[in-house]
Amino acid sequence: MNTMEIEKKWQKYWEEHETFKAMNNDSKKKPYYILVEFPYPSGAGLHVGHVRSYTAHDAMARMKRMQGYNVLFPMGWDAFGAPAEQYAIKNHIHPKDAVRENIHTFKNQMKTLGFSFDWDREFSTTDPEYYKWTQWQFLQFYKHGMAYKATMPVNWCPNCKTVLSNEDSAGGVCERCGTEVIQKEKSQWMLKMASYSEDLLKGLDDTHFAEKVKLGQINWIGKSTGVELDVEIVGGGKFSIFTTAIETIYGITFFVIAPDGKLIKELMPRVENKEEVEKYIEETAKKSAMARTELNKDKTGCIVKGIKAINPVNGKEVPVFLGDFVLGDYGTGAVMAVPSHDQRDFEYAKAHNLEMIEVISGGDTANHAFEKQDYLGKGCTLVNSEEFTGMTVEEAKEKITQKLVDKGIARKVNNYKMRDWIFSRQRFWGEPIPMIYCEHCGWVPMDEKDLPLLLPDVAEYEPTDTGESPLAKIEEWVNTTCPKCGAKAKRETDTMPNWAGSSWYFLRFMDPHNTKEFASMDAMKYWSKVNWYNGGMEHTARHLLYARFWVQFLYNIGLVPHKEMIDIRVSHGMILGSNNEKMSKSKGNVINPDDIVKEYGADTLRVYEMFMGDYQQDVAWNVDSLKGCNRFLNRIIKIGESINDQEGYKDQVLANKTIKKVSEDLVTLKFNTAVSALMIMLNEYEKYEDGITKDEYRLLLTLLNPIAPHITEELNEKYKLGNPICESAWPTYDESLTKESTKTIGVQINGKHRGEVEVTEEDTEETVKQKIEKIENIKKYINEKEIVKFIYIPNKIVSIIVK
RNA sequence: GCUUGUGUGGCGGAACUGGUAGACGCGCUGGACUCAAAAUCCAGUGAUAGCGAUAUCGUGUGGGUUCGAUUCCCACCACAAGCACCA
């Protein structure tokens, strides 16, 4: 059998018969939407890791179709982004052309693997028909007050004179030239994502994401509940701090404020050591976010002379410091410092020789801080805290808060780590942001009917020296007129991040050819939610959060039917090289799926990737194991020769239990045990001396079909077993026939396994006991001994205690 | 440091709600076929002792609960990933 030929043959058959076409509004069938993350079509081609998740969900989709569902299993391309731009610059071709080529390669590779994608719904985020709607949605954000311009720091390489992404500036140095990255202020578009913190947290309850995925999201949102407190400055003025440990308020010995915050700028006129303070601010500004947070040990800082703050509970006057561990954009940009009960404050106090006051008893505050994770819930009590002394921490927390709230100087608040989304990129290869700057009118949105705002078709897309987007150089594109007053105006030259296009593509798949809307409400209501969404673990925090934010916003303005449009999120484990390391060109351990398909065929690769291990766990590539799967398929072919002219199933239990196992495993991501169940079935068939029936063969082929679709169809046709499997119904099983009527169970004596006994459903404790007394090896353990206890758990075990 | 996950033969991995640990596959050993090899087929394969029936040990380590623990509880170790001065 020529695998290449039969694979081609069936791929053609599916294409001609539109076997995998999903129809919108098919009222006869239940909709079922299975989605795998659309890939970024890189120049390297499809990775065996892609093959793993695509095969897994392809198998699921194929089974669901046979079970009578209207399955939506789409594929597309996430083709904007820096890598395409870099590749284009290096190879001197337009990113558009590079992307087109790469998509072509990817698509061909996918086709040779026989994935049942509905190619009618294919699109790329770089298609103007698609990004028109990405731009349109940005305008909705803007019109609803959710998009604004703000000056934000960007990673800047002073040598390359270019803006770097966080990834390209890992470790605080430029990836290209190794120069230390600095922070440069730039005016950028922002989306008000932080205002959705609570909704994004609550929304998780309406999803069925894996627990670890939910936790990732919860961590990223980073909610903390505490108190915002007003602090008076000696000689007038005040500022606010945020704390989650108000119970330690009597332990305040100083305050620390952020060098990058607004507060220090306001206080500047009263500062006595201006030079020193300014120098420290400057030093901090030089540090990238990375460098700043990596400084884990040394607590740098600088006193702010001339400013003293008053502890509101006892009127104590304490000094104020600058410290770069306090962040300008979290909380209020200022903290109260209680060195006895916060390790960070403790280290700062040690480094700067500051006073410490213990206010919660039970810790060793001379050597390290006694922190809230250690004292909470342990019944610890307060000391040195006036009327609160002696109260438990929990009680004091409440009473102190109440007192401060009553005085009108404190408020209970929630803080979130999640910030607004920086939505501008100084790049060519992204969706242009459809905004125009007019000297008279300010920022003006483009008229919706003028969308899409196309990327100019020019040869220059290298970044500029000034850090502006390459678009800034293209004058005929930049210069336009104000949509409001008609005066001369300029376009925004930054583009969107590539998270933008991927934040709503799953909606577009529901209605990909719609020219009037991004997707019709009817189509979205019909498909309802993405039932399964599979993607890499690296996207479970950010991409998923962006996508949920985007959807929640669309929901709030009435454009999508559900607040959460993704129901289950799962992620696959990585495929490592045979040396157990991540596959990479430099390590030379990359496996190209094309080579495997050529040598063994697509079905072998598919079976192997499903069988290689737990789907959600990382696993190393193993050629021998791959060959084993090839052997399995060859035996499947060979056993066809033994078909006899009998009918039905010799072993009803085998048939029923295998149907059950495979049907369940394909929707619980246990693909490896599904394959193993089929191997067991084949092993049993091979033991039949008079061959197998057509029914038996057809069953095996049908159950294997979702994983190895080509060869099973071919054999089904060759032996005239019935209609093509992909057009047939999935087999059902009879629960009562999935178990043998007798079962061999273990016999334990004093907790040790001593033998086996065969039992039937009808057996009672008494009959089992009689059976056991006849077993040689067990007799010697019970004879002449007193049976203290006799336990028989039907279908499980016999356990005897003797003395 | 924090969070999460993982730890089972030579290897990838099975084991339902606590019930015969090691399914299935790979590898290895022996045999058949062959001039020979590959492929294929048959048998065996956790460790130790024994010709053998069988016995002892065995799911990262140390405890505990239980008639019975890979599974539950406590403490610890190792590895991986994510977050990382978040007040």
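Proteins get letters first, then strands, A, B, ... in listed order; numbering begins at 1 in each.
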Can you check whether [X] has a side-chain N or O nearer than 4.0 Å to OP1 or OP2 of [N]?
X      : N      : value
A:N683 : B:rG25 : yes
A:R631 : B:rA39 : no
A:K789 : B:rC67 : yes

Provide, to the nearest angstrom, the distance between the [atom1] atom belonging to [X] and the [atom2] atom belonging to [N].
X      : N      : atom1 : atom2 : value
A:R52  : B:rG12 : CZ    : P     : 14 Å
A:F255 : B:rA87 : CZ    : P     : 17 Å
A:N630 : B:rU40 : CG    : P     : 9 Å
A:I793 : B:rG18 : CD1   : P     : 13 Å
A:K687 : B:rC24 : NZ    : P     : 8 Å
A:I639 : B:rC41 : CD1   : P     : 11 Å
A:L327 : B:rC83 : CG    : C1'   : 14 Å
A:K743 : B:rG19 : NZ    : P     : 10 Å

**Report entry** Over-ring placement of A:K769 relative to A:F790, 6.0 Å and 45° cut-offs
**Finding:** yes

Query raised in the report: Cation over ring, A:R569 on A:Y533, under 6.0 Å and within 45°?
Result: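 Yes, A:R569 lies over the aromatic ring of A:Y533.
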
Report summary line: Contact check, residues 609-616 of chain A vs RNA chain B, heavy-atom distance under 4.0 Å, returns A:F611, A:M612, A:D614

In terms of side-chain heavy atoms of [X], which of [options] is nearest?
X      : options                : value
A:V619 : B:rG12, B:rC26, B:rU4  : B:rG12
A:Y330 : B:rG27, B:rU4, B:rA87  : B:rA87
A:S676 : B:rC24, B:rU4, B:rC67  : B:rC24
A:N672 : B:rG27, B:rC83, B:rG13 : B:rG13
A:R344 : B:rA87, B:rA23, B:rU6  : B:rA87
A:F325 : B:rU20, B:rC85, B:rC86 : B:rC85
A:K796 : B:rG19, B:rA87, B:rU40 : B:rG19
A:K670 : B:rG27, B:rA15, B:rC85 : B:rA15
A:S224 : B:rA87, B:rG27, B:rU4  : B:rA87

Query - 5'-most by nearest nucleotide on RNA chain B - A:G755 or A:T673 - result: A:T673

Query raised in the report: More 5' along RNA chain B: A:I791 or A:K638, using each one's nearest nucleotide?
Result: A:K638

Requested in this report: Could you give me the CA-CA distance, side-chain angles and deciding distance for A:S224 and A:Y330, then say whether side chain to side chain donor-acceptor pair (under 3.5 Å) is met?
Outcome: CA-CA 11 Å; A:S224 59; A:Y330 180 78; 3.1 Å; yes

Query raised in the report: Considering all heavy atoms of both residues, which atom of A:T760 and which atom of A:D763 are nearest to each other, and what is their separation?
Result: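 Taking A:T760 first and A:D763 second, the nearest heavy atoms are N-OD2, 2.8 Å.
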
Report task. Determine if the base of B:rG10 is syn or anti; take syn to mean the glycosidic torsion is within 90° of 0. Result ->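 Anti conformation for B:rG10.
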
Give every pair of a protein N or O atom and an N or O atom of nucleotides 53-58 of chain B that lie under 3.5 Å apart, one pair per line with the distance.
residue : atom : partner : partner atom : Å
B:rA55  : OP1  : A:R754  : NH1          : 3.1
B:rA55  : OP1  : A:Y781  : OH           : 2.4
B:rU56  : OP1  : A:R754  : NH2          : 3.4
B:rU56  : OP2  : A:R754  : NH1          : 3.1
B:rC57  : OP2  : A:K752  : NZ           : 3.3

Report task. For RNA chain B, just give me the dot-bracket, please: Watson-Crick or G-U, both distances below 3.5 Å, ( ) intra-strand, [ ] crossing earlier pairs, | paired with another strand, . unpaired. Result -> (((((((..(((......[....)))((((((.......))))))((((....))))..(((((..]....))))))))))))....

Rounded to whole angstrom, note down the [atom1] distance from [N] over to [M].
N      : M      : atom1 : answer
B:rU66 : B:rG18 : C1'   : 9 Å
B:rA21 : B:rA55 : P     : 13 Å
B:rU65 : B:rG7  : P     : 26 Å
B:rA43 : B:rA49 : C1'   : 24 Å
B:rC11 : B:rU20 : C1'   : 25 Å
B:rG5  : B:rG10 : C1'   : 26 Å
B:rA15 : B:rC85 : P     : 40 Å
B:rG63 : B:rA69 : C1'   : 14 Å

Report task. Among A:Y546, A:W499, A:Y196, find the residue that satisfies the ring pair (Phe, Tyr, Trp, His ring centres under 6.0 Å) test when tested with A:W421. Result ->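 Filter result, single survivor: A:Y546.
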
**Report entry** A:L229: which of A:L404, A:T243, A:T332 passes side chain to side chain contact (heavy atoms under 4.5 Å, CB included)
**Finding:**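 Only one of A:L404, A:T243, A:T332 forms a side chain to side chain contact (heavy atoms under 4.5 Å, CB included) with A:L229, namely A:L404.
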
Query raised in the report: Relative to the ring of A:Y348, is the ring of A:F325 parallel (under 30°), tilted (30 to 60°) or perpendicular (over 60°)?
Result: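 If you compare the ring of A:F325 with that of A:Y348, the planes turn out perpendicular.
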
Query - Parallel, tilted or perpendicular, as decided by the 30° and 60° cut-offs, for the rings of A:Y685 and A:Y688 - result: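 A:Y688 and A:Y685: tilted rings.
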
Report task. Step through it carefully: locate the ring centre of A:W621, locate the ring centre of A:Y608, and say whether they are under 6.0 Å apart. Result ->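 Yes, the ring of A:W621 comes within the 6.0 Å limit of the ring of A:Y608, centre to centre.
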
Query raised in the report: Can the ring centroids of A:F255 and A:F239 be said to lie less than 6.0 angstrom from one another?
Result: yes

Are side-chain N/O atoms of [X] and [Y] paired as donor and acceptor at under 3.5 Å?
X      : Y      : result
A:N683 : A:R635 : yes
A:E756 : A:H753 : yes
A:Y615 : A:N534 : yes
A:N656 : A:D734 : no

Query raised in the report: So does A:K412 pair up with A:E228, basic N to acidic O under 4.0 Å?
Result: no

Query raised in the report: Any donor-acceptor pair under 3.5 Å joining the side chain of A:S625 to the base of B:rC26?
Result: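 Looking at the base of B:rC26, it does not pair with any donor or acceptor on the side chain of A:S625 (distance under 3.5 Å).
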
Report task. Determine the contact category for A:G222: base if any of its heavy atoms lies under 4.0 Å from a base atom, sugar-phosphate if only primed atoms, P, OP1 or OP2 are that close, otherwise nothing. Result ->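 Contact class for A:G222: none.
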
